[in-house]
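Each residue takes its place number in the sequence, starting with 1. Computed from a predicted model, the values in this text were never measured in an experiment.
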Amino acid sequence: MNLAQRLKTIIATAPGPEPVQAAGWLRSCRNSKSITFLDLYDGSCQAGLQVVAANGLDNYESEVKKLSTGCAIQVTGVLQESPAAGQAVELHATALEVVGWAHGASYPLQKKRHSMEFLRSIPHLRGRTNSMGAMMRIRNALTFGVHTFFQQRGFLQLHTPIITSSDCEGAGEMFTVTSLTSEQLAEQAKEDAPFNQDFFGQKVSLTVSGQLEAEAYALAMGPVYTFGPTFRAENSHTSRHLAEFWMVEPEIPFCDLDQDMDIAEEMLRFLVATLLDQCPAELEFFNRFVDKGLTQRLKGILANSFTRLTYSEAIAELQRAETVEKFAYPVTWGMDLQSEHEKFLAEQICKSPVIVRDYPTTIKPFYMRANDDDKTVAAMDILVPGIGEIIGGSQREERLDILTQRMAAQGVAPDEYEWYLDLRRFGSVPHAGFGLGFERLLLLTTGLTNIRDVIAFPRTPGQIS
Ligand code: 4AD
Ligand code: MG
């Protein structure tokens, strides 16, 4: 089989006599007396290619007329100017091979709008729809954009481990990894150190963040970033939590919180600009069918710098708003901001992405740097309209004595983190970083509202199909 050209290239080609070969799946078929019109797509672009197959083809009666949505075909033909609106060219077939039939009526996708709920029930086929196709191309462009952004700035990509013994976020939301059978586990559970006999001789889990390991290499190589799968056994049935998601985590030595916020903001703006440049058809699709304010919101991100507030200022703003707005969770200093508060800050108060900094020590993990006020840490979250938190970051505590005090206060066992403390013993420097939830970035850039729709195979509590 010759490798066919991708449709993205073909539809941008001028009409002419040279034979063109395309391959893909049918989105629809329309038979008239002696001609069949096929809407072909191959995943490379938002537009389809109209294939015109006439009764001169050898297999016209035997095969072409029997084609249906979902069939895979390979077609050779010539490009002619298309009389139809919305497409410059159409492919007039000189030979058409049916590569895979799609067993007629049982094919679950038809040329109509399917609900996102329905599509979630067929994750293995939904990639063939316009909406998932557009989302996946945006995901791909953003992935490349993340690497471009950091590589252009001299960051080194680090692959941090997926199996780990440290709970970076201290939230106890980790998936245990074991090679023991359930019988062995039950037997071990009766002992003092139940994971002694396990593969690693201790309890280990799937990572909730690559940050701690990234810190080790930032203090060895200069700026680094990780971009990998991240796991959280959070039992959250929300539209913005996954049990398995992807996180972008840069870590920068000789860097304070202000510089950290600058990099995060610059990165978001770079990624949005990349999309506007590389995925105009996909954005137009989402702007038209999913969220009419999408393009305008993305352009707004490019045009205006993000509002910056301290946590205390944010609380004061929210309390002022509370006189007219009813929140499910009343606003008090010291509370963790709930998603309703985060959204209200971004949507109503700032009307733009907003960076909130200096959160109360008590609600943040042990590694964040203590501020001089003894009440807050040098943390920052970026909150965006419609979603709330998309980035969480901080300056790290680089002072050994303060870090050990913080760990003790939060009940973090020091023996597990001796290596982390070594980083403060030997050549410690101020450093900072952040984590971008990649799927939340996709919610922001597609206008889709459920995080299950921005990853190919979502994993959520009770759901793994
Ligand atoms: O705020 P988080 O928990 O920060 C960290 O893990 C830090 N160690 C990052 C760092 O400084 N290197 O998570 C970072 C981001 C959140 O802002 C959110 O966008 C995303 O990760 N996130 C999730 N996305 C989907 N599903 C979940 N369950 C998520 N939990 C966090
Ligand atoms: Mg966070």
Side-chain angles (χ1 to χ4, degrees), residues 1-114 118-119 121-137 140 281-282 284-285 289 456:
M1 228 182 249
N2 292 332
L3 268 192
Q5 273 181 298
R6 302 303 303 274
L7 292 199
K8 188 181 176 157
T9 313
I10 296 175
I11 57 175
T13 305
E18 309 79 34
V20 166
Q21 194 173 66
W25 297 266
L26 299 179
R27 199 152 260 152
S28 69
C29 315
R30 190 160 49 84
N31 287 318
S32 73
K33 220 187 318 145
S34 56
I35 302 185
T36 297
F37 297 95
L38 305 167
D39 183 7
L40 185 72
Y41 74 96
D42 72 351
S44 65
C45 56
Q46 198 63 30
L49 174 68
Q50 168 145 290
V51 176
V52 182
N55 60 0
L57 294 171
D58 299 347
N59 57 349
Y60 187 75
E61 291 297 330
S62 60
E63 293 190 324
V64 176
K65 280 185 87 170
K66 296 178 187 155
L67 286 168
S68 59
T69 301
C71 289
I73 64 165
Q74 181 146 345
V75 53
T76 308
V78 289
L79 287 174
Q80 294 191 10
E81 206 173 305
S82 174
Q87 55 191 25
V89 289
E90 55 190 28
L91 185 66
H92 287 248
T94 50
L96 190 157
E97 182 194 342
V98 183
V99 183
W101 291 97
H103 306 296
S106 61
Y107 186 59
L109 296 170
Q110 295 305 324
K111 194 190 171 74
K112 63 163 193 170
R113 260 178 102 170
H114 295 287
F118 169 71
L119 293 178
S121 73
I122 45 166
H124 58 301
L125 293 174
R126 69 175 177 166
R128 301 180 183 196
T129 60
N130 280 323
S131 50
M132 287 304 281
M135 185 283 291
M136 288 303 280
R137 280 186 297 278
N140 180 63
E282 286 75 10
E284 194 200 307
F285 171 84
F289 295 112

Does [X] reach the side chain of [Y], with side-chain heavy atoms less than 4.5 Å apart?
X      : Y      : result
Leu125 : Leu109 : yes
Ser82  : Val89  : no
Asn55  : Ile35  : no
Leu26  : Leu67  : yes
Trp101 : Lys66  : yes
Val75  : Leu40  : yes
Leu119 : Ser131 : yes

TODO: Establish, from distance only, whether the side-chain atoms of Arg113 and Asn130 form a donor-acceptor pair under 3.5 Å.
DONE: no
TODO: State whether a side-chain donor-acceptor pair under 3.5 Å links Tyr60 with Thr36.
DONE: yes
Which pair of non-hydrogen atoms, one from [X] and one from [Y], has the smallest distance, and what is that distance?
X     : Y      : answer
Gly16 : Val78  : O-CB, 3.9 Å
Val64 : Ala53  : CG1-CB, 3.8 Å
Gly70 : Ala102 : C-CB, 3.3 Å

Quick check for you: to the nearest 0.5 Å, what is the distance between [X] atom [atom1] and [Y] atom [atom2]?
X      : Y      : atom1 : atom2 : value
Met135 : Thr129 : CE    : OG1   : 8.5 Å
Gln46  : Ile11  : CD    : CD1   : 10.0 Å
Arg128 : Tyr41  : CZ    : OH    : 5.5 Å
Phe37  : Ser28  : CZ    : OG    : 11.0 Å
Ile10  : Ser44  : CD1   : OG    : 8.0 Å
Thr94  : Leu57  : OG1   : CG    : 7.5 Å

Please check this pair: side chain of [X] against backbone of [Y], looking for a donor-acceptor N/O pair closer than 3.5 Å.
X      : Y      : result
Arg126 : Ala456 : yes
Asn59  : Leu96  : yes
Gln110 : Tyr107 : yes
Asn31  : Lys65  : yes

TODO: Before giving the answer on side chain to side chain donor-acceptor pair (under 3.5 Å), spell out for Gln21 and Gln74 the whole-Å C-alpha distance, their side-chain angles and the decisive distance to 0.1 Å.
DONE: CA-CA 7 Å; Gln21 194 173 66; Gln74 181 146 345; 3.3 Å; yes
TODO: Carefully, step by step, assess Gln5 and Val20 under the rule side chain to side chain contact (heavy atoms under 4.5 Å, CB included).
DONE: CA-CA 8 Å; Gln5 273 181 298; Val20 166; 3.8 Å; yes
Open item on the list: As a test of understanding, state which of Arg6, Arg27, Arg137 forms a salt bridge (charged side-chain N to carboxylate O under 4.0 Å, His left out) with Asp42.
Closed with: Arg6
Task: Partner residues of Phe118 under the side chain to side chain contact (heavy atoms under 4.5 Å, CB included) criterion, sequence neighbours left out - done: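 Residues passing side chain to side chain contact (heavy atoms under 4.5 Å, CB included) with Phe118: Pro108, His114, Ser115, Ser121, Ile122.
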